[in-house]
Amino acid sequence: MMIATFDMETARHGDVYRAARLAMLTQQVMRHIERTDASAQNVEQMLATLADANALVRR
């Protein structure tokens with residue numbers, strides 16, 4: 001029976017590692033985009049509320 005050696009260089013720079021790292025980074029980017037979008041929506045809602053409040057004060 002042959003026992004495979006664990007090669008750190010191949011483990012860190014092999015195709016499987018690169019594919020897994022790319023998938024993880026892609027997931028992180030998507031999560032950041034979703035969080036940024038949610039924050040932007042909150043800002044838009046607050047600006048609309050502020051605009052409405054200012055319109056009431058000016059009348």
Side-chain angles (χ1 to χ4, degrees):
M1 170 172 35
M2 291 183 61
I3 298 174
T5 60
F6 188 73
D7 181 15
M8 283 299 291
E9 190 66 25
T10 302
R12 283 281 173 122
H13 301 289
D15 291 338
V16 174
Y17 177 82
R18 268 185 262 133
R21 183 78 175 140
L22 180 60
M24 188 174 58
L25 291 173
T26 301
Q27 184 180 19
Q28 286 178 344
V29 167
M30 292 303 297
R31 192 175 313 128
H32 286 292
I33 289 171
E34 291 168 357
R35 289 168 59 190
T36 300
D37 185 48
S39 294
Q41 287 177 4
N42 288 339
V43 169
E44 289 173 357
Q45 289 173 352
M46 291 298 114
L47 286 174
T49 303
L50 179 62
D52 290 343
N54 284 335
L56 291 174
V57 170
R58 289 183 183 165
R59 290 185 185 170

Undergrad: Enter the distance from Thr36:OG1 to Glu34:CD here, rounded to the nearest 0.5 Å.
TA: 10.0 Å
Undergrad: Just how far is it from atom CZ of Arg21 to atom OG1 of Thr26, taken to the nearest 0.5 Å?
TA: 10.5 Å
Undergrad: Arg18: what forms a salt bridge (Lys or Arg N to Asp or Glu O under 4.0 Å) with it, not counting sequence neighbours?
TA: Asp15
Undergrad: Less than 4.5 Å apart, side chain to side chain, heavy atoms only: is that true for Asp52 and Leu56?
TA: no
Undergrad: If you round to the nearest 0.5 Å, how far is CE of Met30 from CZ of Arg35?
TA: 13.5 Å
Undergrad: If you link ILVMFWY side chains whenever their heavy atoms are less than 4.5 Å apart, which other residues fall into the same cluster as Leu47? By chain and number, please.
TA: Val43
